[in-house]
Amino acid sequence: MDRRRPIRPPRPTAVEGGVTRIFNRSQQNASAADHQRLKTPSPKASDALPLPLYLTNTIFFTLFFSVAYYLLHRWRDKIRNSTPLHVVTLSEIAAIVSLIASFIYLLGFFGIDFVQSFIARSSPDAWDLDDEIDQTLLIDNNRYAAPCASAITLTSKLADSTPLPEEDEEIVKMVVNGSIPSYSLESKLGDPKRAASIRRVALQRMTGRSIHGLPFEGFDYESILGQCCEMPVGYVQIPVGIAGPLLLDGFEYSVPMATTEGCLVASTNRGCKAIYVSGGATSTLLKDGMTRAPVLRFGSAKRAAELKFFLEDPNNFDTLAVVFNRSSRFARLQSIRCSIAGKNLYGRFCCSTGDAMGMNMVSKGVQNVLDFLQHDFSDMEVIGISGNFCADKKPAAVNWIEGRGKSVVCEAIIKDEVVRKVLKTSIACLVELNMLKNLAGSAMAGALGGFNAHSSNIVSAIFLATGQDPAQNVESSHCITMMEAVNNGRDLHISVTMPSIEVGTVGGGTQLASQSACLNLLGVKGANKESPGSNSRLLATIVAGSVLAGELSLMSAIAAGQLVRSHMKYNRSSRDVSKLES
């Protein structure tokens, strides 16, 4: 399903006419007559009110809610006493009139922006609805006058080589002087690429610095609108390498890795080779459930404990699950675990989310449950939908112990011959190094989920290539690497256990063309209609299998003393940086 917002087609005539009028008006601000006009603000509708606007709003707000409360209580009494509702007293008539009057006022006041948004989309004079530039704005913009003036003289150096059309050049000048907010360009122009181009030029003029090396062409700016990135000016290039084939659970995968670190893809590729010639790796999915934990406050610890007992009572789970599952046809509540700190309750909701990573899905489900609980726990105060007991994008013991997202264990048995010929080391050296480095060394450092050599390297590279949330690399990289000599010391058993791999194959950056292509390479693009959730689960096992390969290769390089030599060969640039153009 395409979840992008529909983009209104551009209106060249309306924009050109509106921009020309605003630009001409801004050019005339330097004249004495316009300067005097700016000093004397034009009359507004609020000037006709007998009281200040804030006081008038307060009165009508109070009136509206007071009479609404009064009428609701009166009608409740009438229902209890079997009195017809159409029989009203003089005070009730006055209350009804007051309610209607206050409603009309509030609708008129707060509906202005809503009505103007429709007018702005349909009227050729839409941009003339913008407020006049007041004196304060002109004073604030004086801070940019000097750098902008100097930047404009350097246009040939800072701007992209292709000159802008005249109408776009006028819009750039208005963005620079503050007449048009940069963030509103997409909505005003109706063309995301054109908006990004104008913003790009305006940025260079305002800062006096070039971004010529930041690519602009060749990107679908409409695909990120309202979904991935705001106020774009270009995109960053990250090279994508392929490691593999990774032989996992009897299938071969070519693993895309987006990285700027030399040796990373080559090292992971060597690990894939060692696994392949040893018969492949196997993976097991231990758990699949995304979490969200709101923080709730009560008047006493006793009341917080009562809600804890209610939420964790198995007899109430089915009712809560029905309420929670209304948020999505894929969301299925799995468990609720609560913790208390004084009179504050932290409830950790866990649910399946199909092929989506699922943060928005679980958040909507939690909100449904909180609304439902207000009936029986009216004294419950929702402090935040997330109370950091989830825990999202932070290293946390709760994720390391309980898991979050996909919990996966992946293992392989590497033959002694492969260890010696491919990895250039020995089984005894690998086992000893793993114990002293990944286990004892990490314990000495007080590591939390970091009992590995470099799982985050592989996780980050695959996340960037496949459109995952890079910030979730924090908990997704939690991993413990184990090595043990088996079969009387003739083979090496290696495993990685990763309790919180947070991945999805739909939504977010997975919809972008490059990332979608990488998902397609792995055979997990989009949602699996036959078995919802199987694509994201498969992606999680591929991540774990790739980490297994990366761990095996790096540990072998360290054991054989090859790490520094390899990085000096593959991770060093031979270019003379001092001679490069700044």
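Under the rule for a side-chain hydrogen bond (donor to acceptor under 3.5 Å, both in side chains), the partners of Ser386 that lie at least two apart in sequence or sit in another chain are Arg292. Scanning for salt bridge (Lys or Arg N to Asp or Glu O under 4.0 Å) contacts around Glu306 gives Arg303, with sequence neighbours left out. For Ser460, the side-chain hydrogen bond (donor to acceptor under 3.5 Å, both in side chains) partners are Asn473, not counting sequence neighbours. Residues meeting the salt bridge (Lys or Arg N to Asp or Glu O under 4.0 Å) test with Lys193, sequence neighbours left out: Glu217. Tyr183 pairs by the ring-ring contact (aromatic ring centres under 6.0 Å, His included) definition with nothing, not counting sequence neighbours. Under the ring-ring contact (aromatic ring centres under 6.0 Å, His included) criterion, Phe219 pairs with Tyr221, Tyr235, not counting sequence neighbours. In this structure Lys343 satisfies the salt bridge (Lys or Arg N to Asp or Glu O under 4.0 Å) test with no other residue, sequence neighbours excluded. Under the ring-ring contact (aromatic ring centres under 6.0 Å, His included) criterion, His73 pairs with Tyr69, sequence neighbours left out. Residues meeting the ring-ring contact (aromatic ring centres under 6.0 Å, His included) test with Phe60, sequence neighbours left out: Tyr105. For the salt bridge (Lys or Arg N to Asp or Glu O under 4.0 Å) test, no residue two or more places apart in sequence or in another chain qualifies with Glu411.
Using a 4.5 Å cut-off on side-chain heavy atoms (C-beta onward), Arg348 and Glu402 make contact. You'll find the side chain of Thr259 stays beyond 4.5 Å of the side chain of Leu464, heavy atoms only. Between Ser476 and Phe463 there is a side-chain heavy-atom pair separated by less than 4.5 Å. By the 4.5 Å heavy-atom criterion applied to side chains, Thr510 and Gln515 are not counted as neighbours. Side-chain contact between Lys394 and Glu475: absent, with no pair of heavy atoms (C-beta onward) separated by less than 4.5 Å. At a threshold of 4.5 Å between non-hydrogen side-chain atoms, the residues Leu185 and Val175 count as touching. Contact of the Leu189 side chain with the Ile198 side chain is registered, since non-hydrogen atoms from C-beta on lie closer than 4.5 Å. Side-chain contact between Leu320 and Leu311 is present, with heavy atoms from C-beta onward closer than 4.5 Å.
Lys287 contributes no side-chain N or O that, together with a main-chain N or O of Ser407, makes up a donor-acceptor pair within less than 3.5 Å. No side-chain donor-acceptor contact under 3.5 Å links Lys302 to the backbone of Ser300. Between the Ser455 side chain and the Ser477 main chain, a donor and an acceptor come within less than 3.5 Å of each other. With hydrogens and angles disregarded, a donor-acceptor distance shorter than 3.5 Å links the side chain of Asn399 to the backbone of Ala391. Distance alone, capped at 3.5 Å, places no donor-acceptor pair between the Asn535 side chain and the Asp355 backbone. Side chain of Arg329 to main chain of Arg326: no donor-acceptor pair is present (N/O by atom type, distance under 3.5 Å, no hydrogens or angles). Remark: side-chain polar atoms of Ser102 are paired, donor with acceptor, to backbone N or O of Leu99 under 3.5 angstrom. Put simply, the side chain of Thr541 gets close to the backbone of Leu538: a donor and an acceptor are under 3.5 Å apart. The backbone N or O of Pro181 lies less than 3.5 Å from a partner atom in the side chain of Ser184, making a donor-acceptor pair. The closest donor-acceptor contact from the side chain of Asn81 to the backbone of Asp77 lies under 3.5 Å.
Between His454 and Gly550, the shortest heavy-atom distance links the atoms NE2-O, 3.0 Å. Contact detail for Pro294 and Val366: the closest heavy-atom pair is CG-CG1, 3.7 Å. Contact record, Cys338 with Gly347: SG-CA, 4.1 Å, taken as the closest heavy-atom pair. Summarising the geometry of Ile180 relative to Lys188, their closest heavy-atom pair is CG2-CD, 4.2 Å, with the distance given to 0.1 Å. Of all non-hydrogen atoms in Asn325 and Ala331, the two that sit nearest each other are OD1-O, 3.2 Å. Residues Phe317 and Leu333 come closest through the heavy atom pair CZ-O, 3.4 Å.
More than 12 heavy atoms of other residues, nucleotides or ligands sit less than 6.0 Å from atom CG of Asn368.
Lys393 and Asp469 are joined by a salt bridge, as a carboxylate oxygen and a charged side-chain nitrogen come within less than 4.0 angstrom of each other.
The aromatic rings of Phe349 and Phe324 lie parallel to each other, with less than 30° between the two planes, well short of the 60° mark.
Listed by first and then second residue, the ring-ring contact (aromatic ring centres under 6.0 Å, His included) pairs that reach into residues 381-407 are Trp400-His478, sequence neighbours excluded. Residue pairs meeting the side-chain hydrogen bond (donor to acceptor under 3.5 Å, both in side chains) criterion with at least one member in residues 437-446, sequence neighbours excluded, are Asn434-Asn438.
When only modelled atom types and interatomic distance are considered, Asp249 and Thr282 share no side-chain donor-acceptor pair under 3.5 Å. A side-chain donor from one of Glu551 and Thr481 sits under 3.5 Å from a side-chain acceptor of the other. At a cut-off of 3.5 Å, with distance as the only test, a side-chain donor of Ser179 or Asn177 sits close to an acceptor on the other residue. In the model, Thr291 has a side-chain atom that pairs as donor or acceptor with a side-chain atom of Arg404 under 3.5 Å.
A distance of 13.0 Å separates CE in Met174 from OG in Ser182, rounded to the nearest 0.5 Å. For the atom pair OG1 of Thr466 and CG of Asn520, the computed distance is 13.0 Å after rounding to the nearest 0.5 Å. Summarising the geometry, atom CZ belonging to Arg537 is positioned 8.5 Å from atom OG belonging to Ser352; distances are rounded to the nearest 0.5 Å. Between the CZ atom of Arg76 and the CG atom of Leu71 there is a distance of 13.0 Å, given to the nearest 0.5 Å. Atom-to-atom distance recorded for Leu345:CG and Ile383:CD1 is 11.5 Å, nearest 0.5 angstrom. Here the straight-line distance linking atom CE of Met290 with atom OG of Ser536 works out to 9.5 Å at 0.5 Å rounding.
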Discussion item. Quick one, Asp313 with Asn316, criterion side-chain contact (heavy atoms from CB on, under 4.5 Å). Give me CA distance, side-chain angles, the key distance, then yes/no.
Written reply: CA-CA 6 Å; Asp313 187 347; Asn316 298 325; 3.5 Å; yes
Discussion item. Salt bridge (Lys or Arg N to Asp or Glu O under 4.0 Å), that's the test. Do Lys78 and Glu92 meet it? Break it down for me.
Written reply: CA-CA 12 Å; Lys78 288 184 177 181; Glu92 291 173 345; 2.9 Å; yes
Fill in: Residue pair Glu312, Arg337: steps toward the salt bridge (Lys or Arg N to Asp or Glu O under 4.0 Å) verdict
CA-CA 7 Å; Glu312 294 181 345; Arg337 177 192 170 191; over 6 Å; no
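Checked options Val408, Asn452, Thr497; the residue passing with Cys479 is Asn452 (criterion: side chain to side chain contact (heavy atoms under 4.5 Å, CB included)).
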